[in-house]
J.: 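Structure provided below as structure tokens; questions to follow.
Being a predicted model, the structure only gives us computed values, none of them experimental.
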Amino acid sequence: MILKYDVVVIGGGHAGCEAACASANMGAKTLLVTMDMNKIAQMSCNPAVGGIAKGQIVREIDALGGQMGLVTDRSCLQFRMLNVGKGPAMWSPRAQCDRLHFIWNWRHVLDHTPNLDIWQDQACELLTAPAVCRDSVATQRVAGIRTIWGAEIHARCVIVTAGTFLNGLLHIGRKMLPGGRIAEPAVADFTESITRHGIRSARMKTGTPVRIDKRSVHFEDMTEQPGETRPYAFSYFSANKEVPLPHPTLSCWECYTNESVHEALRAGLADSPLYNGQIQSIGPRYCPSIETKLITFPDRQQHLLFLEPEGFDTNEMYLNGFSSSLPMEVQISALRHIPAFRDVKVYRPGYAIEYDFFDPTQLLHTLESKIIDGLFMAGQVNGTTGYEEAAGQGLVAGVNAALKCVGTDTFVMKRDESYIGVLIDDLVTKGVDEPYRMFTSRAEYRILLRQDDADARLTERAYHLGLATRQRYDWWMEKKQHIEEIEAFCHTFPIKPRDINGALEQMGTTPLQFGVKLEELIARPQLNFSKLRTAIPELDALLNQPENRKEEIAEAAEIRMKYKGYIDRERMVAEKMHRLENIRIKGHFNYNAIQSLSTEARQKLTAIDPETLAQASRIPGVSPSDINVLLVLMGR
């Protein structure tokens, strides 16, 4: 049987779902190929979305017209805004989700997306043909895929989002079984059908913790961690708006390991796949297993653990911080040394998984392969870790695949435009030698990339691209208008000392000597809208409009005014870097022949072949003096 589509997406995880929706919503006839339609967007590890920098990515996906934020809000068990004690550039939303609700909410989205079909099967071979595209250096182009059941699916573009399934190998102690997730088969042969064209692959490792029956937990020996009472949400359509949070929130819980736990774990290290040579690949640095913590931090007497609910209607709970591939009896024995888990019952032990990924420096910023025209890759196959990083890549790959089918422009975001842009630039410019995880520290323009202003940065562009809907665009334009009204009011509204000094003294800030505009008071660290509106009735009336979005709009306006100086300064720095972005160097140099470049720079520049001078400047091993050499040779 032969099927024909514009775009085929392989894998129904977080990257695949966003890729398929984006491609279909852009007008491309799209097919999502997944091994199990009942596990669409499965949260394989922690049933949570967001966190440090990851939450900003989800806000960006939502602002672009993606689905992750909406699905998360409809599945939310608990919402928290992290880092609120720091500046707004560090605020990061995080939601605990009902795992099963998350799957079925995503399935509902896919089932109601025009131009999108689903095919339950497994890809086993990438089909190619000689390249005919004039502007590509690729010698091969995508023709489609073949599945294990013999279906042949022809397509102009193929997006690979296979997660951990490519030659996946599960580890619990010395026991090894092929698999992409626990109780799910691995995908054999597909990696080889790609690498035979010259695309490099390697292996990575990740893991997941034990799952616990909450009926066996002594919660009186734990510390409760409730969620926010304010109705935060990920999607700009959700909080106080059209998609209310579905249920009362559930709490998470905290406890600690102890020395008895550590002794039980150390006794099993000889059978740990990480330390007996069984696992050769590199795991995530910033999400280490419990046995790795013992080796890395031998003097630590305890490690913090979080017990998190998996859903409203299940007893299953997730033990965050206790990822492990030790033998199951070692894991359970160690847990019983924690007072809260002295009678613990588990659903399954933690395990590790090794899988194939492809060197992301072989990709363009569109996430299209430099070697096979029309082949796109997104998610863990690019060496990343995390649902959010995967979903962001999937959306970009889906948009660019759809654009390629009609021969129009590409969609690439700059580093000062989004965390997704930082993520992709890091991948294709620097590559990975361990699973990549996004942090705010990776973004040099993080004051510009706040969680509160993703719609300001991206929604208008997404609408003109054809990705965001008119409803989403109008929603943003209404918000933009109200923000500008608040800013204009604060810029012109006069404040006289006799009218405000009594209130200022009560607020613990210096009284005025002369009259000022309201925006000057907003800039004071001790003051905010919440305090000033009680003393200024005109401000209070303005901040109450519109009723259904007043908190979101007031927060956005306040941040823009309070941090205006920092924002303007960072934008100026970003604009200077744009000058290097405009200097295109791809195809201009034979780097190996430029002896004034360092040896490392010649090697790195030849291997990556950057598009612009700015991209070249971000390659590890390329120094500022190497950039100056290229500037001189370009006549700059």
Side-chain angles (χ1 to χ4, degrees), residues 1-24 28-37 39-42 44 106 110 113 116-128 140-168 180-181 184-197 199 201 355-358 360 362-363 367-369 371-384 390-391 393-402 404-405:
M1 182 179 70
I2 297 178
L3 304 172
K4 293 185 178 180
Y5 285 86
D6 296 323
V7 177
V8 172
V9 179
I10 300 172
H14 304 272
C17 287
E18 289 290 356
C21 280
S23 170
K29 185 181 178 185
T30 304
L31 181 68
L32 175 63
V33 179
T34 179
M35 294 166 62
D36 190 342
M37 292 171 60
K39 293 184 178 177
I40 292 287
Q42 167 76 294
S44 307
W106 248 119
L110 297 173
T113 299
L116 176 58
D117 295 335
I118 302 176
W119 180 263
Q120 184 166 302
D121 205 338
Q122 178 181 317
C124 65
E125 183 180 0
L126 180 72
L127 304 178
T128 62
Q140 294 287 306
R141 65 173 176 85
V142 157
I145 64 167
R146 185 175 290 115
T147 73
I148 58 173
W149 289 108
E152 195 166 295
I153 305 168
H154 294 175
R156 178 65 184 87
C157 295
V158 171
I159 306 175
V160 179
T161 67
T164 60
F165 280 79
L166 299 182
N167 293 316
R181 272 192 298 252
E184 297 184 55
V187 174
D189 303 323
F190 193 72
T191 296
E192 291 71 22
S193 75
I194 294 175
T195 56
R196 71 187 181 201
H197 297 288
I199 293 177
S201 71
Y355 57 93
D356 293 339
F357 79 100
F358 303 98
Q362 300 168 110
L363 301 175
L367 296 181
E368 184 181 8
S369 170
I371 297 170
I372 302 178
D373 185 67
L375 175 65
F376 293 79
M377 295 182 177
Q380 285 181 278
V381 295
N382 286 341
T384 62
Q393 294 172 69
L395 185 144
V396 170
V399 170
N400 281 300
K404 190 174 184 71
C405 289

J.: Check whether any side-chain heavy atom of Phe165 lies under 4.5 Å from a side-chain heavy atom of Glu184, and answer yes or no.
T.: yes
J.: Between Asp117 and Tyr5, what is the shortest heavy-atom contact and its length?
T.: OD2-OH, 2.6 Å
J.: Quick one: are Met35 and Val187 in side-chain contact, heavy atoms under 4.5 Å?
T.: yes
J.: Do we see a donor-acceptor contact under 3.5 Å between the side chains of Ser201 and Asp356?
T.: no
J.: Nearest 0.5 Å please: distance from the CD atom of Glu192 over to the CD atom of Glu125.
T.: 11.5 Å
J.: Test your reading of the model: is there a side-chain donor-acceptor pair from Ser23 to the backbone of Ala19, 3.5 Å cut-off?
T.: no
J.: Could you report the tightest heavy-atom contact between Ala123 and Ile145, atom names first, then the distance?
T.: CB-CD1, 4.0 Å
J.: Using every non-hydrogen atom in the two residues, find where Arg196 and Leu126 come nearest and quote the distance to one decimal.
T.: NH2-O, 3.8 Å
J.: Gln393 and Asn382: side-chain donor and acceptor closer than 3.5 Å?
T.: yes
J.: With side chain to side chain contact (heavy atoms under 4.5 Å, CB included) as the test, would you mind laying out the steps for Val7 and Lys404 before giving the verdict?
T.: CA-CA 10 Å; Val7 177; Lys404 190 174 184 71; over 6 Å; no
J.: Would you compute the distance between atom CD1 of Ile371 and atom OG1 of Thr128 and round it to the nearest 0.5 angstrom?
T.: 12.5 Å
J.: Mind checking what makes salt bridge (charged side-chain N to carboxylate O under 4.0 Å, His left out) contact with Glu152, not counting sequence neighbours?
T.: Arg146
J.: Side-chain contact, heavy-atom cut-off 4.5 Å: Ile153 with Asp121?
T.: no
J.: To the closest 0.5 Å, what do you measure between CG (Asp373) and SG (Cys157)?
T.: 7.5 Å
J.: Between Thr161 and Gly11 (side chain of the first, backbone of the second, donor and acceptor by atom type, cut-off under 3.5 Å), is there such a pair?
T.: yes
J.: For Phe358 and Met377, work out which heavy atoms get closest and say how close.
T.: CD1-SD, 3.6 Å
J.: So which atom in Cys21 and which in Thr113 form the shortest heavy-atom distance, rounded to 0.1 Å?
T.: SG-OG1, 3.8 Å
J.: What's the spacing between Thr34 OG1 and Leu31 CG if we round to 0.5 Å?
T.: 10.5 Å
J.: Less than 4.5 Å apart, any side-chain heavy atom of Gln140 and any of Leu375?
T.: no
J.: To the nearest 0.5 Å, how far apart are CD1 in Ile148 and CG in Asp189?
T.: 10.5 Å
J.: Would you mind reporting whether Met37 and Ile118 have side-chain heavy atoms less than 4.5 Å apart?
T.: yes
J.: First locate atom CH2 of Trp106, then atom CD of Glu18, and finally report the distance between them rounded to the nearest 0.5 Å.
T.: 4.0 Å
J.: Less than 4.5 Å apart, side chain to side chain, heavy atoms only: is that true for Val9 and Phe376?
T.: no
J.: What closest approach, in Å, do Val381 and Ala162 show between heavy atoms, and which atom pair accounts for it?
T.: CG1-N, 3.7 Å
J.: Indicate yes or no for a side-chain donor-acceptor contact from His154 to the backbone of Asp6 under 3.5 Å, with no hydrogens or angles considered.
T.: no
